[in-house]
Amino acid sequence: MPRSIEPGRSVGSRLLEILFAFRPGRSRLSLADLTRATGLPHATARRHVLELVRAGALDRAVDGTFTVGIRLWELGTLAPLSVPLRTVAQPFMEDLYTALHEHVQLAVREGNEAVVVERLSANDAVGIVSQVGGRLPLHSSGVGKVLLAHTGADDAEQVIAAGLPRFTARTITDPARLRVSLADCRATGVATVREEMSPRADSVATRVMDADGTVVAALSVVVRAGTVDLRALTPSVIASGLGISRRLGWTPRVGVR
């Protein structure tokens, strides 16, 4: 049964489903693509897509494909954990990048995944799967472990209970080992990952706190495995995370929640 005729589905939910069909790697979609992605009848999808175009939420190219519109982009920049956070973090990320010429990335948690909101990368840096707007698992990425370690205990257990997929031979898939890793991260504020997410890629990540001491983001450096002593990188990454946190209003006396 097409999702468009499910009981209780509103026009608003259909419009959102069309918008959420766009994602990294799928930024330009045809009407047929949108129909397949949403399960809406062709006529319904076409009507809603044209409404979004008229509103400026989508743009239509000369070849008939659709992209996210400028008005929707402008709305997205108002997200408190997107542009304001990125703006504050940018100088610190640039300093790390200038010193290391490796991947430097910033991520926030959304559900059971980490979303990369900013990244700086050298052309010859090690290949990794993440990209701006892309998602990473919480259990096997550096930024993901930081975010998972500082979420509620129930949420962390839900992530563990949902399964811990293996991405490389070194991915931690044993719940007991992961809990130990998360406890270490809570104690130190740092997560170290060695080829758990991508082969030949190591990562050091740290937490970013807001004025209330809540961990709102994670900052990481990703390097080619075996080329850098991760312990040597850790102080710089921690200092950058604390610098961003202070710019967000955090002070040591607030602590970490």
Side-chain angles (χ1 to χ4, degrees), residues 20 75-96 103-120 130-162 164 172 175 178-193 196-197 203-222 233-257:
F20 291 152
L75 181 63
T77 65
L78 301 178
L81 288 184
S82 178
V83 170
L85 174 63
R86 289 166 55 201
T87 301
V88 168
Q90 193 75 23
F92 298 92
M93 296 180 69
E94 288 174 352
D95 287 348
L96 280 174
H103 300 292
V104 181
Q105 57 187 16
L106 184 71
V108 299
R109 180 184 171 218
E110 184 174 292
N112 289 344
E113 295 174 301
V115 179
V116 179
V117 296
E118 187 60 274
R119 192 180 87 180
L120 302 176
S130 62
Q131 58 182 312
V132 176
R135 294 169 179 262
L136 292 169
L138 296 177
H139 73 286
S140 59
S141 62
V143 289
K145 286 192 180 186
V146 168
L147 296 169
L148 183 59
H150 293 88
T151 189
D154 290 343
D155 286 349
E157 287 302 317
Q158 286 178 7
V159 171
I160 292 172
L164 305 174
I172 295 177
L178 180 60
R179 292 188 184 100
V180 170
S181 177
L182 297 179
D184 289 343
C185 180
R186 282 191 294 273
T188 64
V190 175
T192 301
V193 169
E196 291 187 45
M197 186 66 225
S203 176
V204 176
T206 193
R207 59 199 175 196
V208 173
M209 291 80 68
D210 65 8
D212 296 324
T214 301
V215 175
V216 294
L219 175 73
S220 74
V221 170
V222 184
L233 296 179
T234 300
S236 296
V237 177
I238 291 175
S240 296
L242 292 175
I244 298 169
S245 299
R246 283 184 176 275
R247 290 286 304 277
L248 293 175
W250 178 84
T251 61
R253 66 174 177 271
V254 172
V256 182
R257 301 179 69 178

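Two residues are said to be in side-chain contact when any heavy atoms from C-beta on lie closer than 4.5 Å; L85 and L248 meet this criterion. Counting heavy atoms from C-beta outward, C185 and V146 have side chains that approach closer than 4.5 Å. Counting heavy atoms from C-beta on, the side chains of R119 and V104 never come closer than 4.5 Å. Taking 4.5 Å as the limit, some side-chain heavy atom of R207 sits within range of a side-chain heavy atom of V256. Contact annotation: the side chain of E113 never approaches that of L136 to less than 4.5 Å [non-hydrogen atoms, C-beta and beyond]. Between R246 and L242, the closest side-chain pair of non-hydrogen atoms is not below 4.5 Å. Residues V254 and M209 form no side-chain contact, since every pair of their non-hydrogen atoms from C-beta on lies 4.5 Å or further apart. Counting heavy atoms from C-beta on, the side chains of V190 and V237 never come closer than 4.5 Å.
Distance check: S220 OG to Q105 CD gives 4.0 Å after rounding to the nearest 0.5 Å. Atom CD1 of I160 is separated from atom CG of L182 by 6.0 Å, given to the nearest 0.5 angstrom. Note that OG1 of T214 and NE2 of H150 are 11.0 Å apart. Values are rounded to the nearest 0.5 Å. The CD atom of E118 sits 11.0 Å away from the CG atom of L219 when rounded to the nearest 0.5 Å. Note: K145 NZ to S181 OG = 4.0 Å, rounded to the nearest 0.5 Å. One finds the CG atom of L178 at 8.5 Å from the CD atom of E196 (value rounded to the nearest 0.5 Å).
Taking all atoms of both residues into account, the shortest heavy-atom contact from V108 to V117 is CG2-CG1, 3.9 Å.
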